[in-house]
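Here is the structure we will look at, set down as structure tokens.
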Amino acid sequence: MFAAERRQLILEMVRANGAVSLRELARVVQTSEVTVRRDVRALEAEGLLDRRHGGAVLPGGFTRESGFPQKSHLATAEKTAIADLAANFVEEGEAIVVGAGTTTQELARRLARVPGLTVVTNSLLVAQALAHANRVEVVMTGGTLRGSNYALVGSGAEQSLQGLRVSKAFLSGSGLTAERGLSTSNMLSASVDRALVQAAAEVVVLADHTKLGTDTMFQTVPTDLITRLVTDEPPAHDDRAATELQALADQGVQIAVAGVPGASAGSAGPSGSVGAGGDSVPARQQRRDVSLPGPRRQVPGAGPGLRTAAVLGEQTPGTERGRVADLRRR
């Protein structure tokens, strides 16, 4: 297809979805990410869209939030890989909280297999994914339904979380930066997410590479309260995403990187999750934890019997072992 046709299709995809990753754009227009990146730069120069780390968004995307139908079609392979990996950090018999979002919905589908699990959530989609799991107890917050993301928000949701104590919180958002932490575009959602964080001893953020370096209006989790980030492999030549991961690791965030099946061979970023000879490694094998030694700050209100954060070299639950490295030495 000609450049003009490609760019028109790219623009239509961004307008329809609000934000689209370079990887997804390249797949749809059937060309390389290098070519798509060039097209995105040209469209940005015309003021038709804005570039973000590993993707493109509508101009003024700082305050815009896509609805669930749009988000559910974005970075689907990345979200699947992230959910597969994040499920390994949940142990049998744990009590956890899971926030609203399309990535956390994917995680919930995998948690249905964890026996003795108790999941507290404000997301109808998370609850639906676990509704038929015989060995999982689901506790929903109160609150007012926010239809755009099928989540319960407001004072009712926040009050129902008071006095709650769990081991981990799994959250996603609209953007993640080392400077400001996790953020979202909606004030009500941000307020409930902060209440979820207060209930947990550890905070695990699920964010695909397109959200790295993106900052939105309302902060939900400051960087010093994030225990672990589970993300996917940034595309090749995405130096800004790699820099953001470095900065997050420098601040003590443990980083687990999931490989995405079907991603271009040899395109490993800082995580090195492409196998020898350029062959893709299955997503469940592509985990790498990056952390700094020493304790992390405990979330206010966490009980003494709950684990806060790991030190360098911690092993995750299950049979898989992640290769531990310090990004500062790379």
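If you chain together hydrophobic residues whose side chains sit under 4.5 Å apart, V34 and L9 never meet in one group.
For the residue pair T184/N186, the side-chain donor-acceptor check at 3.5 Å is not satisfied. Looking at E158 and Q162, their side chains never bring a donor and an acceptor atom within 3.5 Å of each other. Using modelled atom types and a 3.5 Å distance limit, the side chains of T216 and S183 yield a donor-acceptor pair. Under the 3.5 Å distance criterion, with hydrogens and angles disregarded, a donor-acceptor pair is assigned to the side chains of R146 and S189. S174 and K211 share no side-chain donor-acceptor pair at under 3.5 Å.
Nearest heavy-atom pair, I10 versus D39, reported as atom, atom and distance to 0.1 Å: CD1-CB, 3.7 Å. Between V40 and L49, the closest heavy-atom pair is O-CD1, 3.6 Å. Here the closest heavy-atom approach between residue A81 and residue A258 is recorded as O-CB, 3.5 Å. In this structure, L161 and A195 approach most closely via the heavy-atom pair CD1-CB, 3.7 Å. Scanning all heavy atoms of the two residues, the minimum distance from L245 to P234 falls at CD1-CG, 4.0 Å. Closest approach of D208 and D232 over heavy atoms only: CA-OD1, 3.1 Å.
One distance of note links CG of L176 with CG of L206; it measures 11.0 Å at 0.5 Å rounding. To the nearest 0.5 Å, atom CZ of residue R228 and atom CG of residue L85 are 9.0 Å apart. Note: E244 CD to T177 OG1 = 5.5 Å, rounded to the nearest 0.5 Å. If you take CD on Q128 and CZ on R109, they are separated by 8.0 Å, rounding to the nearest 0.5 Å. With values rounded to the nearest 0.5 angstrom, L171 atom CG is found 11.0 Å from L107 atom CG. Note that OG1 of T104 is 11.5 Å distant from CD1 of I82, once rounded to the nearest 0.5 Å.
Put simply, the side chain of V166 reaches to within 4.5 Å of the side chain of L164, judged on heavy atoms. Residues V119 and V139 are not in side-chain contact: their nearest non-hydrogen atoms beyond the backbone lie 4.5 Å or more apart. Within the 4.5 Å cutoff, the side chain of V253 has heavy atoms near those of the T223 side chain. Using a 4.5 Å heavy-atom cutoff, the side chains of V203 and F170 are not in contact. Counting only heavy atoms from C-beta outward, the side chains of M13 and L25 approach each other to under 4.5 Å. Annotation: side chain of L117 is not in contact with side chain of E137 (no heavy-atom distance under 4.5 Å).
Here K79 does not pair with D84 in a salt bridge; the nearest charged N to carboxylate O distance is not below 4.0 Å. Residues E24 and R27 are paired through a salt bridge, judged by an N-O separation under 4.0 Å between the basic side chain and the carboxylate.
A donor-acceptor distance shorter than 3.5 angstrom exists from the side chain of Q219 to the backbone of R180, with no hydrogens or angles considered. The main-chain N or O of A95 is never found under 3.5 Å from a side-chain atom of K168 such that the two would form a donor-acceptor pair. Without hydrogens or angle criteria, T121 side chain to M140 main chain gives no donor-acceptor distance under 3.5 Å. The backbone N or O of V114 lies less than 3.5 Å from no partner atom in the side chain of E92, so there is not a single donor-acceptor pair. No donor-acceptor pair closer than 3.5 Å links the side chain of R23 to the backbone N or O of A77. Under a 3.5 Å cut-off, the side chain of E94 and the backbone N or O of E91 do form a donor-acceptor pair.
Within 6.0 Å of the CD atom in Q30, the count of heavy atoms belonging to other residues, nucleotides or ligands does not exceed 12.
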